[in-house]
Amino acid sequence: MFNKFRKLGISFLAVGLFALLSAGVASAQVTLEDIKERGFVRVATANEIPYGYVDAGGNAMGAGPEVARAVLKRMGIEDIQWVVTSFSSLIPGLKANRFDMAAAEQAILPPRCKQVDYATVPNSSYGEGLLVKAGNPKDIHSHRDFAKREDLKVAIMAGADQLEMLQEIDVPQSQMVMIQTNADAISTVATGRADAYAATGLTAANLAKKSDKVELADPFVDPVIDGKEIRSWGSFTFNKGSDDFRLAFSKELKKFKKTDEWRNILEKNGFTPADIEGSFKHTTKELCSGEGI
């Protein structure tokens, strides 16, 4: 199996624990010239449909990888070594120089902006959702339900921004259940270890399709913090100091976002017209500073 994926240019690396231990290593900058001289670029993604994942045929798919592949091709880079890792290892892996960029639609958040650099514009926008047990026996319809009811527990994925959302609305840490991957969410909710899984709406909807033991919380009320409905903007992340490569990629990304090909990639991965148009609402600079958000 490994040799098959290797021939396809897919590199599966166990970067989780090692990357976390290596997070203190100084990140190495990379330029576009470096990558072209090397002959390939290392791009990481997490197995999270529809943002970035590897399908049964060994192909890197989803909004992040598919857009990255198209943009890199426009830059004259076609040899991509894909690194599949856990979501929580993406930033440590970048900081440890285990890959040159990440294509996982990570939400642009000020704390993350201090650790890594994003492309200058978002690639996508998306809202929130909750995965609950079939029939929704606990009658859960919003994140605030967990702050109001001490009997409820909510699962979140390690490294995901749902942690900050729940903290902002005063959900106690004692009511949170940490899981390592989205794949763990179905069993966590179905067995009652947690009463719901907090994730983006797209992630929750995809998980609900995989088992009749769980479903989407419907109706669902998006979390509101400081009077504003929560929406995330995802983009590509780079090592600090790799501005030459990052800005060159960003320049082509801006152009690509004007094409039908870009829009079609997002549409086929389940992004709604509102999600697509919403990606143009803010720049990365605004999102990193929190201006107007």
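Atoms considered below: every heavy atom in the structure, side chains included; atoms not considered: hydrogens, waters and symmetry mates.
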Residues 201-212 side chain polar contacts: donor-acceptor under 3.5 Å, at least two apart:
from, atom 1, to, atom 2, distance (Å)
Thr203, OG1, Glu48, OE2, 3.1
Thr203, OG1, Thr200, OG1, 3.0
Ser211, OG, Lys213, N, 3.0

Please, which pairs that meet disulfide (SG to SG under 2.5 Å) have at least one residue in [range], sequence neighbours excluded?
range            : answer
residues 124-178 : none
residues 121-196 : none
residues 63-106  : none
residues 182-267 : none

Let me check something: any side-chain donor-acceptor pairs from residues 244-251 under 3.5 Å, sequence neighbours excluded? List them with distances.
from, atom 1, to, atom 2, distance (Å)
Asp244, OD2, Leu32, N, 2.7
Arg246, NE, Asp243, OD1, 3.3
Arg246, NH1, Tyr118, O, 2.9
Arg246, NH2, Asp243, OD1, 3.0
Ser250, OG, Thr120, N, 3.0
Ser250, OG, Arg246, O, 2.8

Self-check item: Sub-6.0 Å ring centroid separation between Phe280 and Trp262
Solution: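 When the ring centroids of Phe280 and Trp262 are compared, they turn out to be within the sub-6.0 Å range.
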
Return a table of donor-acceptor pairs under 3.5 angstrom between the side chains of residues 185-194 and protein atoms on other chains or two or more places apart.
from, atom 1, to, atom 2, distance (Å)
Ser187, OG, Asp184, O, 3.2
Thr188, OG1, Asp184, O, 2.6
Thr191, OG1, Ser187, O, 2.6

Practice problem: Taking all heavy atoms of Pro122 and all of Leu287, pick out the closest pair and write down the distance. | Solution: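 For Pro122 and Leu287, the tightest heavy-atom pair comes out as CG-CD1, 3.7 Å.
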
Exercise. Return the minimal non-hydrogen interatomic distance between Glu168 and Ile225, and the atom names on each side.
Key: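 Of all heavy-atom pairs spanning Glu168 and Ile225, the closest is CB-CD1, 3.6 Å.
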
Those residues that, when tested against [X], pass side chain to side chain donor-acceptor pair (under 3.5 Å) (two or more places apart):
X      : answer
Asp195 : Lys138
Arg112 : none
Lys153 : none
Ser279 : Lys257

Atom pairs and distances, side-chain donor-acceptor, residues 60-75, under 3.5 Å, sequence neighbours left out:
from, atom 1, to, atom 2, distance (Å)
Glu66, OE1, Lys268, NZ, 2.8
Glu66, OE2, Gly62, N, 2.8
Glu66, OE2, Asn269, ND2, 3.3
Arg69, NH1, Ala60, O, 3.1
Arg69, NH2, Ala60, O, 2.9

Quiz item: If you measure only the distance, is there a donor-acceptor pair under 3.5 Å linking the side chains of Glu105 and Asn123?
Solution: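 Indeed, the side chains of Glu105 and Asn123 share at least one donor-acceptor pair under 3.5 Å.
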
Exercise. May I ask you to check whether Asn239 and Arg98 show a side-chain donor-acceptor distance below 3.5 Å?
Key: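 Per modelled atom types, Asn239 and Arg98 side chains form no pair under 3.5 Å.
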
Quiz item: So among Tyr197, Tyr51, Phe87, Tyr53, which one has a side chain to side chain contact (heavy atoms under 4.5 Å, CB included) with Asn182?
Solution: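 The single option meeting the side chain to side chain contact (heavy atoms under 4.5 Å, CB included) with Asn182 is Tyr197.
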
Quiz item: Can any side-chain N or O of Ser125 pair as donor or acceptor with the backbone N or O of Ser232 at less than 3.5 Å?
Solution: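 Such a contact is absent between Ser125 side chain and Ser232 backbone.
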
Exercise. Decide, yes or no, whether a salt bridge links Lys228 with Asp222 under the criterion of side-chain N to carboxylate O below 4.0 Å.
Key: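 No salt bridge links Lys228 with Asp222.
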
